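Right, one structure below, let's go through it.
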Amino acid sequence: MIKSMTGFGRGEYRDSSYHLKIEIKTVNHRYNDISVKMPRHMNYLEESIKKIIKNNISRGKVDIYLNLEYIEGAPLDIKIDMDLARSYKKSLDKINNELELGGDIRINNILSLADIIKAERKEIDEESIWLAVKESLEMAIEDIMSMKLREGRELEIDMISNLGEIEKVLLEIEARSPLVVVEYKEKLKSRISDLLDSEMNIDEEKLNHELVYYADKSNINEELIRLKSHINQFKNILKEEDTVGRKLDFLIQEMNREINTIGSKANDIEISSAVVDIKSSIEKIREQVQNIE
């Protein structure tokens, strides 16, 4: 089943001590690049979080934002450094007196200075924090996977439509291809007749030899067969349950290679025009494949 590499999911957990929010954002990336942004004291959870993500998302740039708020009953200690506060007060009084500022030193002047009041975390229950993270992470993953699958279905519809356009133009090329040699023969005979004296006869053996050479050089049957095979393979891959982005990326390169060969070998204006249309459709598919996990 097709999954887009682009998505967003959110999970949340709340109890009497913690309010935890997790957001996951994914965008296109060649590999599986996971980044976790969270409070420093929770860094011990990073590898466990990444492991869960890797089990669910195999390709793309994944950014995880984790915010933990301590609420009523939270394990926090508020400490006041009175010695530091007295030193600040003494220094402020000295500045006030020597500069004759005439103002009063108020509590907000003291509290605005660094390190007087500190909020220190008590020893936390790492297991309970992990359970909260795991629950909200799984919720966020379920949310983002739903979005990735939904966008994947849209990508699949668009790619199938473009494949249909390619198949339609391929039928036109197949119908046109046998006529290329016939028209070349008529043009060649006409040119030779114009160059030769009217009394001279065209050497049919040499003419046929030239036509055989031209027909062999401009034959595109193998390329058409391979391109149609690639299209069928592409459709089958779209039905697979596993991640398919890299397979489709490789296959679209092969399709592009075949159509380029057809364009260079056919040596026909109408086929060249059809090749341009197919390359346009292939490029549209390639852009969509870049967003498939």
Side-chain angles (χ1 to χ4, degrees), residues 1-6 26-33 58-61 148 151-185 187-188 210-293:
M1 188 175 293
I2 297 298
K3 294 193 289 288
S4 168
M5 273 195 282
T6 303
T26 60
V27 293
N28 298 6
H29 196 277
R30 188 174 180 181
Y31 304 108
N32 192 14
D33 182 15
S58 61
R59 192 180 181 209
K61 176 75 172 70
K148 286 159 71 72
E151 290 198 7
R153 283 193 290 271
E154 295 298 322
L155 293 175
E156 182 176 359
I157 291 169
D158 186 74
M159 288 187 292
I160 290 293
S161 174
N162 279 295
L163 288 173
E165 290 298 317
I166 293 173
E167 289 175 313
K168 185 166 66 176
V169 179
L170 280 178
L171 290 175
E172 296 173 5
I173 292 177
E174 283 184 302
R176 173 65 186 165
S177 181
L179 302 177
V180 174
V181 176
V182 175
E183 291 182 4
Y184 178 75
K185 179 180 180 180
K187 288 179 183 177
L188 189 59
E210 169 63 22
L211 288 174
V212 168
Y213 173 76
Y214 180 82
D216 183 62
K217 189 178 71 169
S218 62
N219 188 290
I220 56 175
N221 287 338
E222 288 185 13
E223 287 77 17
L224 289 171
I225 290 170
R226 283 197 293 267
L227 185 50
K228 287 191 287 185
S229 174
H230 292 332
I231 291 171
N232 290 332
Q233 195 175 354
F234 197 103
K235 291 178 180 178
N236 290 332
I237 291 174
L238 289 176
K239 300 174 185 177
E240 293 181 8
E241 293 296 325
D242 201 3
T243 54
V244 298
R246 287 189 177 91
K247 290 183 182 179
L248 295 178
D249 190 39
F250 172 77
L251 199 54
I252 206 71
Q253 293 179 45
E254 294 302 304
M255 291 171 65
N256 207 46
R257 194 194 319 276
E258 298 299 341
I259 197 61
N260 282 334
T261 304
I262 289 172
S264 63
K265 288 179 69 175
N267 196 24
D268 178 72
I269 293 176
E270 290 186 33
I271 291 180
S272 295
S273 177
V275 164
V276 171
D277 291 338
I278 289 179
K279 289 182 72 172
S280 175
S281 295
I282 289 177
E283 179 60 23
K284 290 175 184 177
I285 296 173
R286 189 193 67 79
E287 290 175 358
Q288 302 292 34
V289 167
Q290 298 305 307
N291 196 34
I292 292 175
E293 186 178 329

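As the structure is a prediction and not an experimental result, all values here were calculated from the model.
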Going by heavy atoms in the side chains, are [X] and [Y] under 4.5 Å from each other?
X	Y	answer
Ile160	Ile157	no
Leu248	Gln288	no
Asp249	Gln290	yes

Run the salt-bridge test on [X] and [Y] with the 4.0 Å N-O cut-off and return the result as yes or no.
X	Y	answer
Glu223	Arg226	yes
Glu165	Lys168	yes
Glu222	Lys265	no

Closest non-hydrogen atom pair, [X] against [Y]:
X	Y	result
Glu151	Thr6	OE1-O, 3.6 Å
Ala274	Ile173	CB-CG1, 3.7 Å
Ile271	Ala266	CG2-CB, 3.4 Å
Phe234	Ile285	CZ-CG2, 3.6 Å
Leu155	Ser4	CD1-CB, 4.0 Å
Glu174	Lys228	OE2-NZ, 2.7 Å

Please report the interatomic distance [atom1]([X]) to [atom2]([Y]), rounded to the nearest 0.5 Å.
X	Y	atom1	atom2	answer
Glu172	Glu167	CD	CD	13.0 Å
Ile225	Leu170	CD1	CG	12.0 Å
Ile282	Glu254	CD1	CD	11.0 Å
Glu156	Lys235	CD	NZ	11.5 Å
Thr243	Arg59	OG1	CZ	8.5 Å
Ile166	Met255	CD1	CE	4.0 Å

- Message: Looking at Arg30, I'd like to know if its CZ atom is crowded, meaning that more than 12 non-hydrogen atoms belonging to other residues, nucleotides or ligands lie closer than 6.0 Å.
- Response: no
Ignoring hydrogens and geometry, is there a side-chain-to-backbone donor-acceptor pair from [X] to [Y] under 3.5 Å?
X	Y	value
Lys61	Asn28	no
Asn256	Ile252	no
Asn291	Glu287	no
Asn162	Asp158	yes

- Could you go step by step and tell me if Asn236 and Lys239 meet the side chain to side chain contact (heavy atoms under 4.5 Å, CB included) rule? CA-CA 5 Å; Asn236 290 332; Lys239 300 174 185 177; 4.3 Å; yes
